[in-house]
Amino acid sequence: MPELPEVETTRRGLAKLVTGKKIRRVLVRERRLRWPIPDELSQYLVGRTVRAVRRRAKYLLIDTSNGTLIIHLGMSGSIRHVAPNAPVRKHDHVDIELDDEICLRYHDPRRFGSMHWTSVSADEHFLLCSLGPEPLGPDFTPDYLYGRSRNRKIAVKNFLMDAHVVVGVGNIYASEALYLSGLSPVRAAGQVSLARYAKLVDSVQQTLRRAIKAGGTTLRDFVSGDGQPGYFGQQLFVYGKAGERCSKCASEIRVRTIGQRSSYYCPVCQR
DNA sequence: CCCGATTCCTGTAGGC
DNA sequence: TGCCTACAGGAATCGG
């Protein structure tokens, strides 16, 4: 699924392709995504020029002269650059055609993605206004995590995956980062020391940076390529490796369900 | 406020 | 070989 690295790769590809271009036509084949695509989407977009393509959390923000299109790729969404008459595949839900015969095609089998329109600052949109800091930004600090976690009884893994705490840390990266920092995924968030949170911040950033680097080589230009997710190629320490040996202590890696999600961990290294 | 459970959806993997 | 079921996951929302 598109993780932060895939979304960022998509953003870079889109920015290069559509900045400064005028939107000529919008075709919605299936409006039932995570939220219904607004009926007026075409009215909002057609005739407008793309000013910039930004990212906030896993949201793509396409700024035009009169507002912003907010796109989430959900679990299975992708945006590809195709020829205007390219054959339509199953689950090709939306086309956005721009100058120079550029056609952006939104494809999403599971329809967990979404498209919203806002005519004011996207940061004020209800989906974005209460999001936590970017994990690779200056506000994601040990002090911040420590402060937010006091008196919280929630498992530290769920805490880390809460987008109101910090954005962009999905199930895979949460398992990996907790392993790197030697923290048990089930430990209460409020019972983790400042020093441990410092280690965790470092681990999250290291994990994401490595994934972005892998995404950068595997995905190159997600918009014009096949949109193959890149995280498969990256080095995973524990995720999906139940029964295999821990690379530090050779204990057997375990899997258990925490907050309705599979969590992989080393029972010896993580306390 | 806090937290766990439920929900959306379909492709894929595993079992028999 | 083929059918059937379980599972995966982001994030809003519901219920206690």
Side-chain angles (χ1 to χ4, degrees), chain A residues 1-8 10-11 29-38 55-61 70-79 89-94 106-116 118 122 124-135 145 147-178 185-192 204 207-208 211 215 226-232 234 236 238-243 254-264:
Chain A
M1 96 256 30
E3 291 282 354
L4 197 90
E6 283 84 1
V7 179
E8 178 58 22
T10 300
R11 186 198 69 76
R29 296 187 191 82
E30 172 59 83
R31 57 192 298 271
R32 295 173 301 166
L33 303 186
R34 176 69 176 80
W35 281 278
I37 295 177
R55 180 187 61 76
R56 171 72 173 109
K58 294 177 187 171
Y59 293 95
L60 286 165
L61 308 176
I70 302 170
I71 301 176
H72 198 290
L73 299 176
M75 285 195 50
S76 57
S78 64
I79 296 175
R89 301 170 302 166
K90 199 176 179 184
H91 309 304
D92 282 343
H93 303 315
V94 180
Y106 178 83
H107 177 88
D108 187 2
R110 294 183 198 178
R111 292 194 268 125
F112 275 25
S114 63
M115 287 194 196
H116 290 264
T118 176
E124 293 168 28
H125 191 270
F126 79 98
L127 288 172
L128 280 75
C129 67
S130 58
L131 289 176
E134 291 286 328
L145 269 191
R148 287 293 304 263
S149 64
R150 291 310 90 184
N151 300 321
R152 297 289 303 268
K153 293 182 173 127
I154 190 177
V156 65
K157 175 162 182 280
N158 295 343
F159 177 70
L160 190 60
M161 289 176 63
D162 183 347
H164 301 289
V165 174
V166 58
V167 301
V169 184
N171 197 37
I172 297 171
Y173 297 141
S175 277
E176 292 296 302
L178 288 166
V186 290
R187 174 96 77 92
Q191 298 299 312
V192 176
V204 166
T207 303
L208 284 175
D226 276 339
Q228 282 302 308
Y231 63 86
F232 287 119
Q234 81 173 268
L236 296 174
V238 288
Y239 186 84
K241 295 189 182 294
R254 299 215 180 128
V255 59
R256 65 178 277 189
T257 301
I258 304 170
Q260 292 74 242
R261 290 281 105 93
S262 296
S263 303
Y264 298 85

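The structure displayed is predicted, hence computed values, not measured ones. Lettering of chains follows the sequences in order, A, B, ..., and the numbering in each one begins at 1.
In this structure the side chain of A:Gln191 never reaches within 4.5 angstrom of the side chain of A:Lys153, judged on heavy atoms. Within the 4.5 Å cutoff, the side chain of A:Trp35 has heavy atoms near those of the A:His116 side chain. At least one side-chain heavy atom of A:Leu60 sits under 4.5 Å from a side-chain heavy atom of A:Ile79. With a 4.5 Å cut-off on side-chain heavy atoms, A:His72 and A:Leu127 do not count as touching. Residues A:Val165 and A:Leu145 meet the side-chain proximity criterion, which asks for heavy atoms closer than 4.5 Å. In this structure the side chain of A:Val167 reaches within 4.5 angstrom of the side chain of A:Pro135, judged on heavy atoms.
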Checklist entry - When you check every protein heavy atom under 4.0 Å of nucleotides 8-14 of chain B, what one-letter string (B, S, -) results, 5' to 3'? => result BBBB---

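Ring planes of A:His93 and A:Tyr106: tilted class, angle from 30 to 60°.
If you check C:dA12, B:dC3, C:dG10 against the side chain of A:Arg152, the one that comes closest is B:dC3.
For the residue pair A:His91 and A:Asp108, no side-chain donor N or O sits within less than 3.5 Å of a side-chain acceptor on the partner.
Under 4.0 angstrom from either OP1 or OP2 of C:dA8 there lies at least one side-chain N or O belonging to A:Ser262.
Using a 4.0 Å heavy-atom distance criterion, A:Phe159 is classed as making no nucleic acid contact.
A rotation axis mapping the C1' atoms of four pairs onto the next four is fitted at both ends of the helix from B:dC2-C:dG16 to B:dC16-C:dG2 over five pairs, and the angle between these axes is 50° to 10 degrees.
Taking atom NE2 on A:His72 and atom C1' on C:dG10, their separation rounds to 6 Å, with Å as the unit. Atom CD1 of A:Ile172 is separated from atom P of C:dG10 by 7 Å (rounded to the nearest Å). Going from atom CG of A:Leu128 over to atom C1' of C:dA12 covers 14 Å, rounded to whole Å. In this structure, A:Asp162 atom CG and C:dA11 atom P are separated by 10 Å, rounded to whole Å. When rounded to the nearest whole Å, the span between OH of A:Tyr264 and P of C:dC7 equals 12 Å. If you take CG of A:Leu73 and P of C:dG10, they are 13 Å apart, rounded to a whole angstrom. Rounded to a whole Å, the CG atom of A:Asn171 is 13 Å from the C1' atom of C:dA11. One atom, CZ of A:Phe126, and another, C1' of C:dA11, lie 11 Å apart when rounded to the nearest Å.
With sequence neighbours left out, A:Pro185 forms a side-chain contact (heavy atoms from CB on, under 4.5 Å) with A:Lys157, A:Leu178, A:Ile258, A:Tyr265, A:Gln270.
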